[in-house]
J.: 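Take this structure first; my questions come after.
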Amino acid sequence: MKKRLSWEKYFINIALEVAKRSTCDRKNVGAVIIRNKTILSTGYNGSIRGLPHCDEVGHEMVNNHCVRTTHAEANSIVQAAKNGVKIDKSEIYVTASPCYDCFKLIINAGIQKIYYLEFYRDERIIQYAKDSKVELINLSKPI
């Protein structure tokens with residue numbers, strides 16, 4: 001009998017596929033918001049809708065960070081809001097842990113668990129996750 005993927009591996013694999021739509025060639029990030037093993041929304045990092053992408057016109061750099069793009073986590077939250085999808089008490093799978101600003105959006109949106117593959121930059125989210133009683137789950141270890 002063939003062994004099935006765990007739910008964690010299944011959803012992080014989907015986030016990896018979503019990341020392939022990214023339009024910022026500095027970092028390709030994908031996000032998937034789920035509840036009860038059902039996908040509610042996805043997002044990837046990319047420019048403002050309808051405007052040129054980084055890989056078309058270059059990067060807009062501030063403090064060694066491209067600010068032309070909206071991050072995958074923010075885009076997944078915005079897509080849910082745009083489509084009237086409630087994400088309170090959900091979970092998010094991201095290919096890289098959220099930056100501090102996206103972390104704040106995730107918490108304020110009511111997302112309760114954050115699964116990620118790669119730790120990205122900001123140690124503050126570790127303590128704030130504990131303080132907010134939000135689980136940060138590193139999937140870079142074997143699943």
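For reference, positions follow the sequence shown, starting with 1.
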J.: Applying salt bridge (Lys or Arg N to Asp or Glu O under 4.0 Å), name anything that partners Glu118, two or more places apart in sequence or on another chain.
T.: Lys27
J.: More than 12 heavy atoms of other residues, nucleotides or ligands under 6.0 Å from CG of Leu51: is that the case?
T.: yes
J.: Suppose the criterion is ring pair (Phe, Tyr, Trp, His ring centres under 6.0 Å): which pairs have a residue in residues 21-62, not counting sequence neighbours?
T.: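 Sorted pair list comes back empty.
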J.: For Ala74 and Cys102, work out which heavy atoms get closest and say how close.
T.: N-SG, 4.2 Å
J.: Counting C-beta onward and ignoring hydrogens, is there a side-chain heavy-atom pair between Val29 and His71 closer than 4.5 Å?
T.: no
J.: Under the criterion side chain to side chain contact (heavy atoms under 4.5 Å, CB included), I'd like the reasoning laid out for Asn13 against Lys9: C-alpha separation, chi angles, the key distance, then a yes or no.
T.: CA-CA 6 Å; Asn13 283 347; Lys9 187 74 171 159; 3.8 Å; yes
J.: Starting at NZ of Lys113, measure out to CD of Glu135 and round the result to the nearest 0.5 Å.
T.: 4.5 Å
J.: Report the distance from atom OG1 of Thr95 to atom CD1 of Ile14, rounding to the nearest 0.5 Å.
T.: 13.5 Å
J.: Among Asp55, Thr69, Asn45, exactly one meets side chain to side chain donor-acceptor pair (under 3.5 Å) together with Ser22. Which residue is that?
T.: Asn45
J.: Could you give the distance from CG (Leu139) to OG (Ser6), rounded to the nearest 0.5 Å?
T.: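 Taking CG in Leu139 and OG in Ser6, the distance rounds to 8.0 Å.
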J.: For the residue pair Ile114 and Pro98, what are the closest heavy atoms and their distance?
T.: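 In terms of heavy atoms, the two residues are closest at CG2-CD, 3.9 Å.
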J.: Measure from the side-chain N and O atoms of Thr42 to the backbone N and O of Val32, and report whether any donor-acceptor pair falls under 3.5 Å.
T.: no
J.: Around Tyr128, counting heavy atoms of other residues, nucleotides and ligands shown, do more than 12 lie under 6.0 Å from its OH?
T.: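 No, because the 6.0 Å sphere around OH of Tyr128 holds 12 heavy atoms or fewer from other groups.
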J.: Please check if the side chain of Asn83 supplies one atom and the backbone of Val85 the other of a donor-acceptor pair under 3.5 Å.
T.: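 A pair under 3.5 Å: no.
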J.: Measure the shortest side-chain to side-chain distance between Arg35 and Lys86 over non-hydrogen atoms and say whether it is less than 4.5 angstrom.
T.: yes
J.: Could you tell me if the side chain of Leu16 sits less than 4.5 Å from the side chain of Leu117, heavy atoms only?
T.: yes
J.: Measuring from Ile33:CD1 to Ser90:OG, what's the distance to the nearest 0.5 Å?
T.: 5.5 Å
J.: So do the side chains of Tyr116 and Asn138 get within less than 4.5 Å of each other, counting heavy atoms only?
T.: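 SC-SC contact between Tyr116 and Asn138 confirmed.
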J.: Please determine, by modelled atom types, if Asn36 and Thr38 share a side-chain donor-acceptor pair under 3.5 angstrom.
T.: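 No, because no side-chain N or O of Asn36 sits under 3.5 Å from a partner of the opposite role on Thr38.
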J.: Are the side chains of Glu73 and Ile111 in touch, meaning some heavy atoms are under 4.5 Å apart?
T.: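 No; the side chains remain at least 4.5 Å from each other.
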J.: For Thr23 and Ser47, which heavy atoms make the closest approach, and how far apart are they?
T.: OG1-N, 3.5 Å
J.: Roughly how far apart are Ile77 CD1 and Ile106 CD1, rounded to 0.5 Å?
T.: 5.5 Å
J.: Please find the pair of heavy atoms, one from Gly43 and one from Ala72, that lie closest to each other, and give the distance.
T.: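 Result for this residue pair: O-CB, 3.5 Å.
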J.: Report whether Val18 and Ile12 are members of the same hydrophobic cluster (ILVMFWY, side-chain heavy atoms less than 4.5 Å apart, transitive linking).
T.: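 Yes, it is one cluster - the side chains of Val18 and Ile12 are joined through contacts under 4.5 Å.
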J.: Can you measure from OG (Ser76) to CD1 (Ile39) and round to the nearest 0.5 angstrom?
T.: 12.0 Å
J.: Ser97 and side chain to side chain contact (heavy atoms under 4.5 Å, CB included): which partner among Tyr115, Phe103, Tyr120?
T.: Tyr120
J.: Would a 4.5 Å heavy-atom cut-off, applied to side chains only, mark Tyr93 and Ile34 as touching?
T.: yes
J.: Arg21 side chain to Gly30 main-chain N or O, any donor-acceptor pair under 3.5 Å?
T.: no
J.: So Trp7 and Tyr10, would you call those rings parallel, tilted or perpendicular, with 30° and 60° as cut-offs?
T.: perpendicular
J.: Mind checking whether Leu136 and Tyr100 sit in one hydrophobic cluster, side chains of I, L, V, M, F, W, Y counted as touching below 4.5 Å?
T.: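 As far as the 4.5 Å side-chain criterion goes, Tyr100 and Leu136 are connected within one cluster.
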J.: Would the distance check show the side chain of Asp122 and the main-chain N or O of Arg124 forming a donor-acceptor pair, the cut-off being under 3.5 Å?
T.: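 Such a contact is found between Asp122 side chain and Arg124 backbone.
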J.: Is Ile87 reachable from Val78 through a run of hydrophobic residues whose side-chain heavy atoms are each under 4.5 Å from the next?
T.: no
